[in-house]
Structures are given as structure tokens and as C-alpha cells.
Amino acid sequence: MNLWDFIVDRWDRLLPEAALHASAVIQCTAIATVIGVAIGIAVYRSPAGSAVATALTSAILTVPSFALLGLLIPVLGLGVAPTVVALVLYALLPIVRNTIVGLSGVDIAITDAAKGIGMNRTRVLTRIELRLAWPAILAGIRVATQLLMGIAAIAAYAKGPGLGTEIFSGLVRAGSANATNQALAGTIGIVILALVVDGAFVLLGRLTIPRGTHD
């Protein structure tokens, strides 16, 4: 059986796995965005705080995914829990870093002018600074999402959901009938999902970033 025939034959299984894969990545990215932006807001005015936050999230990213999942499994067990924790941790660096860069890059003259017309600190942050920093924050979210697309496949090691199941099953069965097709189907599915989600972020950027500020 060639690859195309294998995909057609397994379509009723591959499609739900692709949906679970995309769902896990998007939900974990959303959680990481809330945490990462909050961290960025908390530290961006402090050079020392920014350096510590960036260093800690960078250190997480240096831990191999197999090792991190191996550390989480004894604590959280198999399945969704270790997958979510691992993906959220890996997504933090680009979001935290870009939030800090975006907020730090806001012209102080603009914030001073806003304070001069009576805006308090919270209104300046939410109505001016975060809006001006949004292109940088969105870029960080976009990078984090693409990063998680690949890492989510490795989460199949912890019985996590998604197309990684197909890749691992194919590798375990290497040499048997359709093993290569199974691994390739999972890999190609992840690549397609990554392209589709990235396209969605490009569209989101065009809808939410004012004309004239696009890259």
C-alpha cells in the first residue's frame, strides 16, 4: 500500500488525531500566553527581572522533551496532564521574551502624554502599551505555536493525544507492513497543521495590527 492509499484508508482515524493535536497545541499556547504575558508585564520595567524571567524560561527550553516528560510522568501520570504541563512550559520563552521586548519598545513620550491627560497606570498599560506591543507579542505566540506542533508529537511518549501516536507506532513497528507509511502520515499531518495554524496567525495579524505597522 502506498502512502496516499494508507492515508485514505486510515482517514477516519487520522482526522480525529489531527483535531486532538491541533486542540492540544492551541489550548496550551493560550494558557502559556496568559502566563507569559503576565510575567512580561510584571518584569518589563526591571532589567534584572527581565533578565531573570528570560533566563528561567530559556533554561526550560534547554531540557530535552523526553527528559521533561520522564520527570513529569511519575508526578502527573500518563495522558493529558504531563502533556499540557510540558507544552505550556516550552511555550513560555518566546511569549515572555517578546512581551518584554514589545512593552519595553513603547515610546516613553507616548505613555507620558497618556498620563498627562489623566490616564492611570492600568489604563496606560491596557489601552496603549499592550496595543503597541501586540505585534511583538503576536510574533512570540506564533513562534510558540510552531514550536509546540513538533513537541506535541513527542508527547505521545506520555500517552498524550495527537498525531505523535501514529509516528511512535510506525517507528515501533519499523520493518513491518505500512510502518513507514504510518510514521510519514503522522509527520505530514503535523506539517500541514503547522502551516494551517500559521496561516491563521497571519490572518489574525492582518485583522488586529493597524495598517502600516505590518512587517
remark   = Taken to the nearest 0.5 Å, the spacing of Leu89 CG from Ile151 CD1 works out to 10.5 Å

message = Can you tell me how far apart CD1 (Ile60) and CG (Leu93) are? Round to the nearest 0.5 Å.
response = 8.5 Å

request  = Identify the heavy atoms of Thr165 and Gly160 that sit nearest to each other, and give their distance.
outcome  = OG1-O, 3.9 Å

inquiry  = With a 4.5 Å cut-off on side-chain heavy atoms, are Leu61 and Leu147 touching?
reply    = yes

message = When you group the ILVMFWY residues by side-chain heavy-atom contacts below 4.5 Å and let the links chain together, are Ile190 and Leu184 in the same group?
response = yes

key: Atom pair CD (Gln146) and CG (Leu195), whose distance is rounded to the nearest 0.5 Å   = 7.5 Å

ask   = Taking all atoms of both residues into account, what is the closest heavy-atom pair of Ala114 and Val124, and its distance?
value = CB-CG2, 4.0 Å

task = Give the minimum heavy-atom separation between Gly189 and Leu163, together with the two atoms involved.
result = C-CD1, 3.6 Å

inquiry  = To the nearest 0.5 Å, what is the distance between CG on Asp9 and CH2 on Trp4?
reply    = 12.5 Å

key: Spacing of CG belonging to Leu132 relative to CG belonging to Asp107, to within rounding of 0.5 Å   = 9.0 Å

message = Contact between Thr145 and Ile26 at the side-chain level, heavy atoms closer than 4.5 Å - yes or no?
response = no

ask   = Judged by atom type as modelled, is there a donor-acceptor pair below 3.5 Å linking the side chain of His21 to the main-chain atoms of Ala152?
value = no

key: Side chains of Leu138 and Arg142 in contact at under 4.5 Å (non-hydrogen atoms)   = no

Residue Arg127 excluded, over 12 heavy atoms near CZ under 6.0 Å = no

message = Is there a continuous path of hydrophobic side-chain contacts, each under 4.5 Å between heavy atoms, that joins Ile141 to Ile31?
response = yes

inquiry  = With a 3.5 Å distance limit and no angle check, can you tell me whether Asn178 reaches the backbone of Asn181 through a side-chain donor-acceptor pair?
reply    = no

ask   = Are the side chain of Thr83 and the backbone N or O of Gly79 linked by a donor-acceptor pair below 3.5 Å?
value = yes

remark   = Smallest heavy-atom separation, Leu92 atom then Gly36 atom, equals CD2-N, 3.9 Å

message = For Val75 versus Leu71, what's the shortest heavy-atom pair and its separation?
response = CG2-O, 3.9 Å

query = If two hydrophobic side chains count as joined below 4.5 Å and joins carry through other members, does Trp11 share a cluster with Val8?
reply = no

request  = Would you kindly confirm whether Phe168 and Leu148 end up in one hydrophobic cluster when ILVMFWY residues are joined by side chain heavy atoms under 4.5 Å apart?
outcome  = no

query = Quick one: are Val85 and Leu76 in side-chain contact, heavy atoms under 4.5 Å?
reply = yes

key: Contact check, side chains of Ile137 and Asn98, non-hydrogen atoms, under 4.5 Å   = no

message = Is there a side-chain contact between Tyr157 and Ile73 in this structure, where contact means two heavy atoms from C-beta onward sitting under 4.5 Å apart?
response = yes

request  = Spell out, as yes or no, whether a donor-acceptor pair under 3.5 Å connects the side chain of Tyr90 to the backbone of Ala144.
outcome  = no

inquiry  = Given 3.5 Å as the limit, does a donor-acceptor pair link the side chain of Ser58 with the main chain of Thr54, or not?
reply    = yes

request  = Kindly check if the number of other-residue, nucleotide or ligand heavy atoms within 6.0 Å of CG (Leu203) is above 12?
outcome  = yes

inquiry  = Would Leu130 and Ile41 count as a side-chain contact (heavy atoms from CB on, under 4.5 Å) here? Give the steps.
reply    = CA-CA 9 Å; Leu130 283 174; Ile41 290 172; 4.1 Å; yes

key: Side-chain touch Val25/Val197, heavy atoms, less than 4.5 angstrom   = no

request  = Rounded to the nearest 0.5 Å, what's the gap from CD on Glu129 to CZ on Arg123? Could you check?
outcome  = 13.5 Å

ask   = Under the 3.5 angstrom rule, does the side chain of Thr111 hit a backbone N or O of Ile108 as a donor-acceptor pair?
value = yes

request  = Tell me, yes or no, whether the heavy-atom count around Phe201 atom CZ, taken from other residues, nucleotides or ligands under 6.0 Å, exceeds 12.
outcome  = yes

message = Pair Ile188, Leu3 - check side-chain contact (heavy atoms from CB on, under 4.5 Å), show working.
response = CA-CA 11 Å; Ile188 293 170; Leu3 177 60; 3.6 Å; yes

request  = Spell out, yes or no, whether Val106 and Leu125 are grouped together once hydrophobic residues are joined by side-chain heavy atoms under 4.5 Å, including indirect joins.
outcome  = no

query = Where is the tightest heavy-atom contact between Gln182 and Ser169, given as atom of each residue plus distance?
reply = NE2-CB, 3.3 Å

inquiry  = Within the structure provided, determine whether Thr187 and Glu166 are in side-chain contact (heavy-atom separation under 4.5 Å).
reply    = no

Check: Ile154 main-chain N/O paired with Ser65 side-chain donor or acceptor under 3.5 Å = no

